[in-house]
Structure formats: C-alpha cells, structure tokens
Visitor: 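Encoded as structure tokens, here's the structure I'll be asking about.
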Amino acid sequence: MEKQMLKLYFIMGSNNTGGREPEQVLQEALQGGITCFQFREKGKGALPEEEKWKLGRKLKAKCAEFHVPFIVNDDVDMAIRLEADGIHIGQEDDPASKVKERCPSRMVIGVSVRTIEEAHQAAADGADYLGVGPMFATDTKEDAKAPVGLEGIRRLRAEGITLPIVGIGGIDVSNAAEIVEAGADGVSLISAISLADAPEEAARNLRSRLDGVSGR
Ligand code: TZP
Ligand code: MG
C-alpha cells in the first residue's frame, strides 16, 4: 500500500452531508484533492442494503474517475460486492486476519485502534494501515470514546508501530498538520468536508496545509 494515499482521507455516508447529494459532495471533495475515500453508511438514517449498494456503485465510479482509492467501512460483503479497493474495520468487527481470508488479496485492510495493544494486534493480524482516534472531540460518531490526542500517535510510534497511520476524529484545517507532525501519515475526516459550506474549497485548503508539512 502507498502510504501517500492516506494524506487526505475523506469519509462519508449519505447521512453526513446535511441533506446534500452525497455524489455531489464527493465530486467536490475529489476536485479539492482528497487522496482516499471511505464509504461509511452507518448510524441514524443509514440506507438499507440495496440502496447502499446503489449509492456505493456511484461513489466508487466517481473515485475511479479521479484515480482515488474507494474503501468500504465495516461491511465485508459489501466491499467484495462493490469490488472496493479496501475495507476498514473496527474493534467490534472480525479480526483483520479473518477479513483478509475472505477478501481478494489486492484489497487494503485498515483497522481502527485506540491503544498500543490494539495496534500490535492489528499489525500481527495483517492490517495494512491503522486509523487512530478519536484524536479530538467529535460530534459525528455517537459512540466515540475519549480522545487520545496527539500523544496517542506519538506513543504508538515510540512503541515501534511502523504501519501507516491515519488520525481520525475532530480533525479540520486548524489541527490537521499537527497530526502528521506527531507521526501520522495523514488525516481522515468526515464533517470538515462533508458539512463544509464549500466542500471543494475545504478539501483544497486541507490538502495545501498537508502538502506543506514534512512528516516522518
Ligand atoms: N471514528 C472515530 S471518530 C469518527 C470515527 C468514524 C468520526 C469522525 O468524524 P469527524 O466529523 O471528522 O470528527
Ligand atoms: Mg466498525
């Protein structure tokens, strides 16, 4: 996996756009320079299976136009059905080792972790990258745990975790650079783009901020 793809990792489902068309919001985010996209159809108002698949197909096609990887959250069957470029799983899901057995080998596997133990386990299970967070307080995820802060990333690096890392939770243009300076390879975020008045401009500002940071 190219860790550069994690630089500006946008996540969105149909219920994160404040009522706007998800395809339009994604189009703008792509124009603004996101480097990866995750389809996360989850929580209140999430679409049922078939609708989810239909929207997933459209969003995947948009990503393909821009040569940006299309990752599916949680739902391994959906990721396979959509021929996604990857799957992102959490601690409540099957371990990466098991998910890996079910998915085509070209698919990237991302795992959400909060602690050093979870990170070591995900690495041992064959994760390709780690999502670390929540970094800061967020209103987007209802069941979000306490933030780990920049120290959460620094600690993982100090403990010898070498996998690509993307920070998540409460990230926007004001704090994105610090995440990379702390040792992450990029930032993943929902509302800073999905609820922005101008998603393209929001993505572009984030991208130029991140292009100016020297990471690890
Ligand atoms: N996992 C940890 S925090 C979070 C997820 C999915 C929500 C991130 O949303 P936002 O709007 O970027 O804080
Ligand atoms: Mg999950």
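Small disclaimer: the values here were computed from a predicted structure and weren't measured. When a ligand or atom number is given, it counts from 1 through the structure's own listing order.
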Visitor: Within the supplied structure, the quantity of interest is the number of heavy atoms (other residues, nucleotides, ligands) at a distance under 6.0 Å from Arg209 CZ; does it exceed 12?
Guide: no
Visitor: How close does the nearest protein non-hydrogen atom get to atom 3 (S) of ligand 1, and which residue and atom is it?
Guide: Gly169 CA, 3.7 Å
Visitor: Below the 3.5 angstrom mark, is there an N/O of Ser188, backbone or side chain, next to an N/O of ligand 1?
Guide: no
Visitor: Do you see a donor-acceptor pair shorter than 3.5 Å between the side chains of Ser14 and Glu41?
Guide: yes
Visitor: Considering Thr140, Leu195, Ile168, Ile193 one by one, which has a heavy atom nearer to atom 9 (O) of ligand 1 than any of the others?
Guide: Thr140
Visitor: Would Ile190 count as a polar contact of ligand 1, with the cut-off being nitrogen or oxygen pairs under 3.5 Å?
Guide: yes
Visitor: May I have the step-by-step check of salt bridge (Lys or Arg N to Asp or Glu O under 4.0 Å) for Lys54 and Glu50, ending in yes or no?
Guide: CA-CA 6 Å; Lys54 282 184 196 155; Glu50 277 316 289; over 6 Å; no
Visitor: In ligand 1, which numbered atoms sit nearer than 4.0 Å to a non-hydrogen atom of Arg40?
Guide: 6 (C)
Visitor: Looking at Asp93, which of its N, O or S atoms is the nearest one to the Mg ion (ligand 2)?
Guide: OD2
Visitor: Just to be sure I read this right, does ligand 1 sit under 4.0 Å from the backbone of Ser191, its side chain, both, or neither, counting only heavy atoms?
Guide: both
Visitor: Contact between Gly170 and ligand 1, counting heavy atoms under 4.0 Å?
Guide: yes
Visitor: Hey, any chance Val132 and Ile161 share a hydrophobic cluster, counting ILVMFWY side chains that come within less than 4.5 Å of each other, even indirectly?
Guide: yes
Visitor: Determine the minimum heavy-atom distance between Leu59 and Glu23, stating which atoms define it.
Guide: CD2-CA, 3.9 Å
Visitor: Do me a favour and list the nearest non-hydrogen protein atom to atom 1 (N) of ligand 1 with residue, atom name and distance?
Guide: Lys141 CD, 3.3 Å
Visitor: Aromatic rings Phe70 and Phe37: how do their planes relate, parallel, tilted or perpendicular, breaks at 30° and 60°?
Guide: tilted
Visitor: What heavy-atom pair brings Gly45 and Asn15 nearest, and what distance separates the two atoms?
Guide: C-ND2, 4.3 Å
Visitor: Nearest to the Mg ion (ligand 2), which N, O or S atom of Asp74 do we find?
Guide: OD1
Visitor: Please list, in number order, the atoms of ligand 1 under 4.0 Å from a heavy atom of Leu189.
Guide: 12 (O)
Visitor: When you compare the side chains of Gln121 and Glu117, does any donor N or O come within less than 3.5 Å of an acceptor on the partner?
Guide: no
